[in-house]
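Quick notes on the structure that follows.
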Protein chains: 2
Amino acid sequence: MVTMLEVRDVSTEACCAPLVRETITADEAERFARRLKALADPVRLRLVSIVAASAGQEACVCDLIEPVGLSQPTVSHHLKILTEAGFLSRSKRGTWAYYRLVPGALEAAAAPLLDA
Amino acid sequence: MVTMLEVRDVSTEACCAPLVRETITADEAERFARRLKALADPVRLRLVSIVAASAGQEACVCDLIEPVGLSQPTVSHHLKILTEAGFLSRSKRGTWAYYRLVPGALEAAAAPLLDA
DNA sequence: ACTCGATATTGACAACCATCGATATATCGC
DNA sequence: GCGATATATCGATGGTTGTCAATATCGAGT
């Protein structure tokens, strides 16, 4: 007769507010955090910004090294993280590797923050 | 007469696409990354979600420990990070500490991603 | 085939971070 | 004032991450 939402013992409930809607699951939080983590770095944000501001929303690695002022392996490393997270796509043409924004990826990553 | 955006030497420009608009500065990227980093953790995302789903968009620490299944010091630690980043506000009433969402903070954090 | 230039990968290292147990602080009821 | 309860802080620890130098890979031109 006591139960209904059987989450917590009512007798100890002196401070607690009930939930009025659903919360995200641990799995959803994990996935969402992984994407956010890929963006939560100043260098990677600048890389995304430069790619987004480039003609055709496309830039090769040689365009990106000098603006961020880091070594070439480090820039490659950040680009890999952004690509694996689904924010950039890579296409190699000749010796050069071109990175471009995946359409809608940034908006999709931001979406969960907006209906909170 | 050649200059206008004088960013790079044209003579070496074999692969490089020009910028068609402004990129974020290193400072902006740093600030933005700091805020994103506060959110880019599965536990903190769940804490924000629970607070947002609580009646009055307010929850005390005792509400948050059991759902995330971590120790009380760890939960306190995450709440501090979220508070210092401006996403939560703290108000102590009696023995209990109540955390609530700072209105508009999540939307403001997501905004830079939307006009990229 | 060989060399050169662009990019990716590897290995190492320092800095940072999430977590916990132990402890401190603060507030309430007696 | 004292014990009990809620929350915060401290110290330590294992894991993650950003960075670079060195090296590997791959394509283009000679």
Side-chain angles (χ1 to χ4, degrees), chain A residues 8-9 11-17 26 29-30 33-48 51 58-85 88-100, chain B residues 8-9 11-17 26 29-30 33-48 51 58-85 88-100:
Chain A
R8 215 171 294 110
D9 183 358
S11 64
T12 65
E13 200 163 54
C15 67
C16 305
E30 196 77 43
R34 231 192 315 268
R35 279 190 292 171
L36 281 184
K37 214 171 289 200
L39 287 176
D41 178 277
V43 174
R44 292 196 285 271
L45 287 174
R46 292 178 70 192
L47 290 173
V48 167
V51 170
E58 185 179 67
C60 73
V61 181
C62 65
D63 277 320
L64 302 168
I65 295 174
E66 185 235 27
V68 300
L70 293 176
S71 72
Q72 175 267 317
T74 300
V75 174
S76 257
H77 168 69
H78 286 304
L79 290 171
K80 184 179 187 179
I81 290 177
L82 287 169
T83 303
E84 286 175 345
L88 298 181
S89 65
R90 192 182 101 111
S91 67
K92 198 166 185 185
R93 291 203 295 276
T95 320
W96 296 285
Y98 292 86
Y99 287 86
R100 62 170 61 230
Chain B
R8 213 172 296 106
D9 183 0
S11 64
T12 65
E13 199 162 53
C15 66
C16 306
E30 195 77 43
R34 229 192 316 266
R35 279 191 293 171
L36 282 184
K37 212 169 290 199
L39 287 177
D41 177 276
V43 175
R44 292 196 285 271
L45 287 174
R46 293 178 70 195
L47 290 174
V48 167
V51 170
E58 184 179 68
C60 73
V61 182
C62 65
D63 278 320
L64 303 168
I65 295 175
E66 184 234 27
V68 300
L70 293 176
S71 73
Q72 173 267 318
T74 301
V75 173
S76 256
H77 167 69
H78 286 303
L79 289 171
K80 183 179 186 178
I81 290 178
L82 287 168
T83 302
E84 285 175 343
L88 297 182
S89 65
R90 191 182 101 112
S91 68
K92 198 168 184 184
R93 291 203 297 277
T95 318
W96 297 285
Y98 291 87
Y99 287 86
R100 61 170 60 230

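Because only heavy atoms are used, hydrogens play no part in the values below, and waters and symmetry mates are left out as well, while side chains stay in. Labels below follow one simple rule: chain letters A, B, ... track the order of the sequence lines, proteins then strands, and each chain is numbered from 1.
For B:E58, the salt bridge (Lys or Arg N to Asp or Glu O under 4.0 Å) partners two or more places apart in sequence, or in a different chain, are B:R93, B:R100. Residues forming a side-chain hydrogen bond (donor to acceptor under 3.5 Å, both in side chains) with A:R90 (at least two apart in sequence, or on another chain): none. Among residues two or more places apart in sequence or in another chain, the side-chain hydrogen bond (donor to acceptor under 3.5 Å, both in side chains) test is passed with A:S71 by A:T74.
The two residues B:V51 and B:Y99 make their nearest non-hydrogen contact at CG1-O, 3.6 Å.
Rounding to whole angstrom units, NZ of residue B:K80 and C1' of D:dT9 are separated by 7 Å. In this structure, B:Y99 places its OH atom 8 Å from C1' of D:dT7, rounding to the nearest Å. Going from atom CG of A:D63 over to atom P of C:dG5 covers 18 Å, rounded to whole Å. Separating the CZ atom of B:R93 from the P atom of D:dT7 is a distance of 12 Å, rounded to the nearest angstrom. Atom CZ of A:R46 and atom C1' of D:dT19 are 15 Å apart (whole Å). Between A:W96 atom CH2 and D:dG29 atom P the separation is 8 Å, expressed in whole Å. Atom P of nucleotide C:dA8 and atom NZ of A:K92 are separated by 7 Å, given to the nearest angstrom.
From A:Y98, atom OH reaches atom SG of A:C62 across 7.0 Å, with rounding to the nearest 0.5 Å.
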Enumerate, atom names and distances included, each donor-acceptor pair closer than 3.5 Å involving a side-chain atom of residues 36-45 of chain A, sequence neighbours excluded.
{"from": "A:D41", "atom 1": "OD1", "to": "A:V43", "atom 2": "N", "distance (Å)": "2.8"}
{"from": "A:D41", "atom 1": "OD1", "to": "A:R44", "atom 2": "N", "distance (Å)": "3.2"}
{"from": "A:R44", "atom 1": "NE", "to": "A:A38", "atom 2": "O", "distance (Å)": "2.6"}
{"from": "A:R44", "atom 1": "NH1", "to": "A:H78", "atom 2": "ND1", "distance (Å)": "3.0"}
{"from": "A:R44", "atom 1": "NH2", "to": "A:K37", "atom 2": "O", "distance (Å)": "3.2"}

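Distances shorter than 4.0 Å separate some side-chain N or O of B:S76 from OP1 or OP2 on D:dA8. Distances shorter than 4.0 Å separate none of the side-chain N or O atoms of A:R90 from OP1 or OP2 on C:dT7.
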Show each protein N/O and nucleotides 17-24 of chain C N/O combination with a separation under 3.5 Å, one pair to a line.
{"from": "C:dA18", "atom 1": "OP1", "to": "B:R44", "atom 2": "NH1", "distance (Å)": "3.4"}
{"from": "C:dA18", "atom 1": "OP1", "to": "B:R44", "atom 2": "NH2", "distance (Å)": "2.9"}
{"from": "C:dT19", "atom 1": "OP2", "to": "B:H78", "atom 2": "NE2", "distance (Å)": "2.3"}
{"from": "C:dC20", "atom 1": "OP2", "to": "B:S71", "atom 2": "N", "distance (Å)": "3.0"}
{"from": "C:dC20", "atom 1": "OP2", "to": "B:S71", "atom 2": "OG", "distance (Å)": "3.0"}
{"from": "C:dC20", "atom 1": "OP2", "to": "B:T74", "atom 2": "OG1", "distance (Å)": "2.8"}

